[in-house]
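Everything numeric in this text was worked out from a predicted model, so none of it was measured.
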Amino acid sequence: MKSNVGTIDRTIRILVGLGAIGATSIGAIGAWGWLGIIPLATGIFRFCPAYLPFGISSCATKNNG
């Protein structure tokens with residue numbers, strides 16, 4: 001499983017995931033907030049399966065030149 005989630009993308013995903021889960025935990029939003037587990041997991045594992053069919057990667061590329 002090759003990483004396809006870069007540093008900034010990863011940070012945003014983790015913050016959004018934690019925010020949604022936290023808001024659900026305190027009752028600010030409904031049960032839909034538990035879907036925050038998805039961006040949280042993709043941020044932690046640095047892999048997003050939705051990027052695969054489109055060939056997207058937000059990881060920085062290294063130039064060897």
Side-chain heavy atoms nearer than 4.5 Å, only ILVMFWY residues, links allowed to pass through others: does that put Trp32 and Ile38 together?
yes
When Leu15, Ile14, Ile8 are each screened for side chain to side chain contact (heavy atoms under 4.5 Å, CB included) with Thr11, the one that passes is Leu15
For the residue pair Cys48 and Thr42, what are the closest heavy atoms and their distance?
CA-CG2, 4.3 Å
So CD1 of Ile37 and CG of Leu18: to nearest 0.5 Å the spacing works out to 11.0 Å
Please report the closest heavy-atom contact between Pro49 and Pro53, naming both atoms and the distance.
O-CD, 3.5 Å
Partners of Ala41 by side-chain contact (heavy atoms from CB on, under 4.5 Å), sequence neighbours excluded?
Phe45
According to a hydrophobic-cluster definition based on side-chain heavy atoms being under 4.5 Å apart (Ile, Leu, Val, Met, Phe, Trp, Tyr only), do Ile56 and Phe47 belong together?
no
Arg10 side chain to Gly43 main-chain N or O, any donor-acceptor pair under 3.5 Å?
yes
Within this structure, what is the OG1-CG distance for the pair Thr24 and Leu35, rounded to the nearest 0.5 Å?
8.5 Å
Do you reckon Ile44 sits in the same ILVMFWY cluster as Trp34, going by side-chain contacts under 4.5 Å, direct or chained?
yes
Can you name the closest pair of heavy atoms from Ala20 and Gly36 and give their distance?
CB-CA, 4.0 Å
Residue pairs fulfilling salt bridge (charged side-chain N to carboxylate O under 4.0 Å, His left out) with at least one residue in residues 12-35, sequence neighbours excluded:
Asp9-Arg13
Is there a path of hydrophobic side-chain contacts, each under 4.5 Å between heavy atoms of I, L, V, M, F, W or Y residues, that connects Leu52 with Phe54?
no
Separation of Cys59 SG from Asn4 CG (nearest 0.5 Å)
6.5 Å
Between Ser57 and Ser3, the two heavy atoms sitting closest are OG-O, 4.4 Å
For the residue pair Gly17 and Pro39, what are the closest heavy atoms and their distance?
CA-CG, 4.0 Å
